[in-house]
Protein chains: 2
Amino acid sequence: MRPHLRAVSDTEGLRRSASGTEGLRRANTGAVLRALRELGPSTRSELATHTGLAKATVGVIVADLEAARAVAEEGSRPGVRGRPGRPVALRGDRFVSLGLELNVDYVSAVVLDLAGDIVSTTSRAGGTSDDLSDLARSALDEHVGADDVLVGTTLAVPALVRADDRTVAWAPNLRVEWADLADALGSLVPDVRVGVSNDANCAAYAESHHGAARGASHALYVTGTVGIGAGIVQDGELVRGGAGFAGEVGHMAVGDSTALCGCGRRGCWEASIGMKAMLAAVDMSELDTPLRTAEAVAERAATDASVRDGLERVGRDVGLGIAVLSTVLDPEVVVMGGYFAVLGDLVLEPARRTLDERLVSAAQVRPELRTSTLGIEAAALGAAEQSFGPVLLGEVDLLA
Amino acid sequence: MRPHLRAVSDTEGLRRSASGTEGLRRANTGAVLRALRELGPSTRSELATHTGLAKATVGVIVADLEAARAVAEEGSRPGVRGRPGRPVALRGDRFVSLGLELNVDYVSAVVLDLAGDIVSTTSRAGGTSDDLSDLARSALDEHVGADDVLVGTTLAVPALVRADDRTVAWAPNLRVEWADLADALGSLVPDVRVGVSNDANCAAYAESHHGAARGASHALYVTGTVGIGAGIVQDGELVRGGAGFAGEVGHMAVGDSTALCGCGRRGCWEASIGMKAMLAAVDMSELDTPLRTAEAVAERAATDASVRDGLERVGRDVGLGIAVLSTVLDPEVVVMGGYFAVLGDLVLEPARRTLDERLVSAAQVRPELRTSTLGIEAAALGAAEQSFGPVLLGEVDLLA
DNA sequence: TGACTTTAGTTCGAGACTCGTACTTAATAG
DNA sequence: CTATTAAGTACGAGTCTCGAACTAAAGTCA
């Protein structure tokens, strides 16, 4: 255990977002941190013009952050006229967050630092509460020092998570005693807020901050193996819905309306583009993992035209669903994870064609359809990034 | 003209949302105004506990608002122990906003006041730039005095409006010279920010603040006559999408995949549930206005079982689309406008049944399906309400 | 080489704001 | 008539941001 592990207090920090002058300082500190994330190492002047704050104010804030070891000065960049600026950069060695994923047959942990760099990332087979807490424990032991500050922990799960970001409403694929898991994580990281979040939402968040949708403030992430899920990012933030269940696109009625879905209904998108439907379309069978299965399909497609035809059919239904989601949500980028990332253009090219056909108007621009680059740790990474959200928004105080 | 009309300056007010202490004051003033909208007339103590501000702070803010004639004291409520509080209420006679709608065959204007009360609402046949500015002019002349402050003006149009909230990207049904219209409105209300917004988005906003979705922070509004459109409210704010085109649900591929749509494609939702499809399903023909047509259908349905059967079929496809939207967006309330509001349960009952069948899980709650109560001025009302958004969020300064 | 220019960053005082405490005010309860 | 209760205000302390003046550190040019 890490007896000296400090944590950003939750009850204190989240109490109010900004009403007193110290809340104002928090908000402005958050603005500076965001600017540093966005611009990279910057001088105080650059931060001042970018945030709109006065130079003097930025000076004070940067000094505080430096004292807290959240930022550090770098070597100056000479060559320009006038006094050279002294750039400061976010430091990655003090403030970290932990992102976890508990899935059906694997668990992952990602340690992310304030600079946005990934400190460590591990995955392991298994899907129990114990597997997860073991992984979390070793990630903390190895990569979080006694003097470090853990700003938060978030757990990604393939489940319907309520809007409170803490409780699970429905998780048909998981057999977990949630109360036990909460206890285990709570004792592992005492005094740290442990949030729970849907895995597709987390992955969407990761793609929009680190992955294929980086830079886009409106993105859609679609993942799929057996089931199909999505995460929606609007204006940089996740769309959660009233109960927290937004993005459950697998069972929307799109595609072949006669296809029988595992849920017992007909016409679900999943029944047209889920892994099983894809395998049926190419007349192949499942291997031990979804990843390996998809790779085998991709390999056969290189030589077998009938496999390519099957993927073409699946791709068209993929495009049909993306078209529905795009007309509703108007994202700039759509990122495809799960087995779609492995098959790539074999599926996405027909999807793009269908998408073009179904655009509402000439004025609309087709969203870019990209494959995920983050791999299996996407959800854990997004979970970690979510824990930094309140810090960067200035809702929580790093200092003191 | 109203030479003395004062306006909340736009360049000044929107410059920064909160960085100096005066921005802090604006934000806290906004919090007090929101509390007054939400709670109704309240004492300073009640406002203090609800906003989390100190009693002293609330006292100062209320005094400023009173000086600006934004609030007024009401008679005290006796009967309780202790010194009776002196409730203050939002005043409706000084700060107003103007909401306009320019549609294919009618124009509307709504004057809304700070208290959230509708000062005036007018509609008129016609669809030209001149029709609109005439209506706007007379609404201002009759209901906005020389000493009043117009906080903003927003124009709702059946068009794709860009995310800048000012320019129109595509408006196939309107023949309007947008530059002329902008000039006309600009000279009508000088120094006032004139925003442009999609009509369905405006109506959705209106429903969530004044109509059938009041109180719900996650709502979906679906309207339809010939075309079908939607507006999405998440966490009290409109979802706009990357380009500003979110909510264009008419041409998503849902329902009868063989139905031919006016856009030339097959399978659009509009082709299954648009007014023309509905009329075909009940074997009736169009009258002079959509409203009258829908009323005629409702009347025939009372006696004619085959009409009811036709509406039943349409209703199922309505439910199918709502199910798609609900699984993606998870709203608490779905409000149906357009001809659906006239036909009511004749369409909504089968829609509810379909919706129940297509819910993802037992954990999910079916969103409430309600009919719009706002009528033809919904969009203009929402437009007016949108102009108050920045005021209530504290992004703009009412005083000084 | 040395004055000049240019840009970065800090110091300092003024001004704005919120907050807690103590105080005043206005009602009811007994 | 006194005690109690609660609302609202006055006041001083503390925090914060900001602009202006100032200092610092480079390059430029004669």
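Lettering follows sequence order; numbering is per chain, from 1. The shown structure was predicted, so the numbers you read here are calculated from the model rather than taken from an experiment.
When rounded to the nearest whole Å, the span between CZ of A:Arg26 and P of C:dT18 equals 15 Å. Whole-Å rounding puts the A:Asn28 CG to C:dC17 P distance at 15 Å. In this structure, B:Ile61 atom CD1 and D:dG8 atom P are separated by 15 Å, rounded to whole Å. Whole-Å rounding puts the B:Leu24 CG to D:dG14 C1' distance at 14 Å. Regarding B:Asp397, its CG atom lies at a distance of 14 Å from the C1' atom of C:dC17, rounded to whole Å. The CZ atom of A:Arg86 sits 14 Å away from the C1' atom of D:dT23 (whole-angstrom rounding).
Under the rule for a side-chain hydrogen bond (donor to acceptor under 3.5 Å, both in side chains), the partners of B:Thr167 that lie at least two apart in sequence or sit in another chain are B:Arg162, B:Asp164. Partners of B:His143 according to the side-chain hydrogen bond (donor to acceptor under 3.5 Å, both in side chains) rule, which considers only residues two or more places apart in sequence or in another chain, are B:Ser120. Not a single ring-ring contact (aromatic ring centres under 6.0 Å, His included) links B:His218 to another residue, sequence neighbours left out. The side-chain hydrogen bond (donor to acceptor under 3.5 Å, both in side chains) test applied to B:Arg81 returns no partner, not counting sequence neighbours. For A:Ser387, the side-chain hydrogen bond (donor to acceptor under 3.5 Å, both in side chains) partners at least two apart in sequence or on another chain are A:Thr154.
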Any chance you could list the contact pattern along nucleotides 21-30 of chain C? Use B for base contacts, S for sugar-phosphate-only contacts and - for none, protein heavy atoms under 4.0 Å, 5' to 3'.
-> ----BBBSS-

Any N/O pairs under 3.5 Å between the protein and nucleotides 14-16 of chain C? List them or say none.
none

Distance-only criterion, 3.5 Å: show the donor-acceptor pairs between side-chain atoms of residues 59-70 of chain A and protein atoms not counting sequence neighbours.
| unit_1 | atom_1 | unit_2 | atom_2 | d |
| --- | --- | --- | --- | --- |
| A:Asp64 | OD2 | A:Arg25 | NH1 | 2.8 |
| A:Arg69 | NH2 | A:Asp147 | OD2 | 2.2 |

Would you give me the side-chain donor-acceptor pairs under 3.5 Å for residues 82-90 of chain A, sequence neighbours excluded?
| unit_1 | atom_1 | unit_2 | atom_2 | d |
| --- | --- | --- | --- | --- |
| A:Arg86 | NH1 | A:Glu73 | OE1 | 3.0 |
| A:Arg86 | NH2 | A:Glu73 | OE1 | 2.7 |

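Here the nucleotide nearest the side chain of B:Ser19, chosen from D:dG8, D:dC18, C:dC19, is D:dC18.
Classification of B:Asp165 and B:Arg240 as a salt-bridged pair holds, one side-chain N sitting under 4.0 Å from a carboxylate O. Checked for salt-bridge contact, B:Glu395 and B:Arg193 miss the test: no charged N lies under 4.0 Å from a carboxylate O.
Within the structure, every side-chain polar atom (N or O) of B:Thr43 is placed at least 4.0 Å from both OP1 and OP2 of D:dA7. Between B:Ser45 and D:dA6 there is no side-chain polar atom (N or O) within less than 4.0 angstrom of OP1 or OP2.
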